[in-house]
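Each remark here refers to the structure printed beneath this line.
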2 protein chains.
Amino acid sequence: MPLPKLKEIEGSAELEQMIEKAREASDMLKALSHESRLLLLCILAEGEKSVTELEQFLGERQSTVSQQLARLRLDRLVTTRRDGKAIYYSLANEDVRKILTAIYDVFCEPVRRRRR
Amino acid sequence: MPLPKLKEIEGSAELEQMIEKAREASDMLKALSHESRLLLLCILAEGEKSVTELEQFLGERQSTVSQQLARLRLDRLVTTRRDGKAIYYSLANEDVRKILTAIYDVFCEPVRRRRR
DNA sequence: ATTACATATACGAATTTAATGATATAAGAA
DNA sequence: TTCTTATATCATTAAATTCGTATATGTAAT
């Protein structure tokens, strides 16, 4: 799946579309581009977790974690489910997982490979 | 390549490593998470381009484009080569391309597929 | 040496984002 | 009902980012 050729795009209606897509993508990336939020998503990639579990893992204040989660919710990267007092978070869709996997492959795979 | 299990990580030295990787990754993502910079990288994915070409494509001020490029340079997402008066930019490595491809697959492929 | 062109950098104003402490809501237990 | 636990939201401040204007640098041409 090659990236598109400039010639096919320049000055056309496709340019507008490309700009629109870039905006959507950069919005999602903004949500991802934060150390704590990225860690949250990596943990959620393993399966759903309650806010308390996430707090403990990150070792950050409750309100801070909750606000990062709110951000991820608003940008539709995660979904929630309530069970009693707890609210469980999980990745919202496969797109998020795809991006996370790519990031994981680039930044984390080399580490594991080196350690074998 | 599965994402790692929490059990294997929690409380261990691996946690520190994971946090370090998250910081590296989020730094790169911050550079990516900007509409113009993302467009610049998409254009560069096709091949090297001079600053003037990039300016024309984006339709933004010279200093703005140059500053975005500086940011990408500092974060090592692009490299440069001088030829006479012009400076040509290109993607710095395959890691950048991998991430861009994942983003492209998620945000742009569906569009093209739909149009066929 | 002067000029023109391509690109980079400096600086400040405006905007955005993040962290904190305090308060609110919702559920369950007593 | 009151208390406690889990989570969310609000308000304030601090810090980071972005964009514009202006200026500087490097190369080539005259």
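Each chain gets a letter, A, B and so on, in the order its sequence line appears, and its residues count up from 1.
Close approach of DNA chain D to chain B, defined as any atom under 4.0 Å from a non-hydrogen atom of the protein, starts and stops at D/dT18 to D/dA28.
Here C/dA18 presents its C1' atom at 15 Å from CG of A/Leu58, a figure rounded to the nearest Å. Distance CG (A/Leu32) to C1' (C/dA18): 17 Å, rounded to an integer number of Å. As a whole-Å value, the separation of B/Glu60 CD from C/dA8 P is 15 Å. As rounded to whole Å, 10 Å separates atom P of C/dT9 from atom CD of B/Gln67. Atom CD in B/Gln56 sits about 10 Å away from atom P in C/dT7, given to the nearest Å. Rounded to whole angstrom, the span from the CD1 atom of B/Ile87 across to the P atom of C/dC5 amounts to 18 Å. Atom NZ of B/Lys49 and atom C1' of C/dT7 are 18 Å apart (whole Å).
Both B/Phe57 and A/Ile19 belong to a common hydrophobic cluster when Ile, Leu, Val, Met, Phe, Trp and Tyr are linked at side-chain heavy-atom distances under 4.5 angstrom. Under a hydrophobic clustering in which Ile, Leu, Val, Met, Phe, Trp and Tyr are joined whenever their side-chain heavy atoms come within less than 4.5 Å, directly or via other members, B/Leu58 and B/Leu54 fall into the same cluster.
Looking at heavy-atom distances under 4.0 Å, B/Tyr89 makes contact with sugar-phosphate atoms alone, never a base. Backbone-only contact: B/Ser50 has heavy atoms under 4.0 Å from sugar-phosphate atoms and none from a base. Within the 4.0 angstrom heavy-atom criterion, only backbone atoms of the sugar-phosphate kind lie near B/Gln68; the bases stay farther away. Looking at heavy-atom distances under 4.0 Å, A/Thr52 makes contact with sugar-phosphate atoms alone, never a base.
Between A/His34 and C/dA19, a side-chain N or O to OP1/OP2 separation shorter than 4.0 Å is present. Contact annotation: A/Arg61 does not reach the phosphate of C/dA18 (side-chain N/O to OP1 or OP2, under 4.0 Å). Contact between the side-chain N/O atoms of A/Arg37 and the OP1/OP2 oxygens of C/dA18 is found at a separation under 4.0 Å.
Among A/Arg81, A/Arg73, A/Lys49, the one residue that satisfies the side chain to side chain donor-acceptor pair (under 3.5 Å) test with A/Tyr89 is A/Arg73.
Closest-nucleotide positions on DNA chain C for A/Gly84 and A/Gln62 were compared, and the one nearer the 5' end corresponds to A/Gln62. Nearest-nucleotide positions on DNA chain D place A/Val51 closer to the 5' end than the other of B/Ser33 and A/Val51. Along DNA chain C, the nucleotide nearest to B/Thr64 and the one nearest to A/Asp83 differ in position, and the one closer to the 5' end is contacted by B/Thr64.
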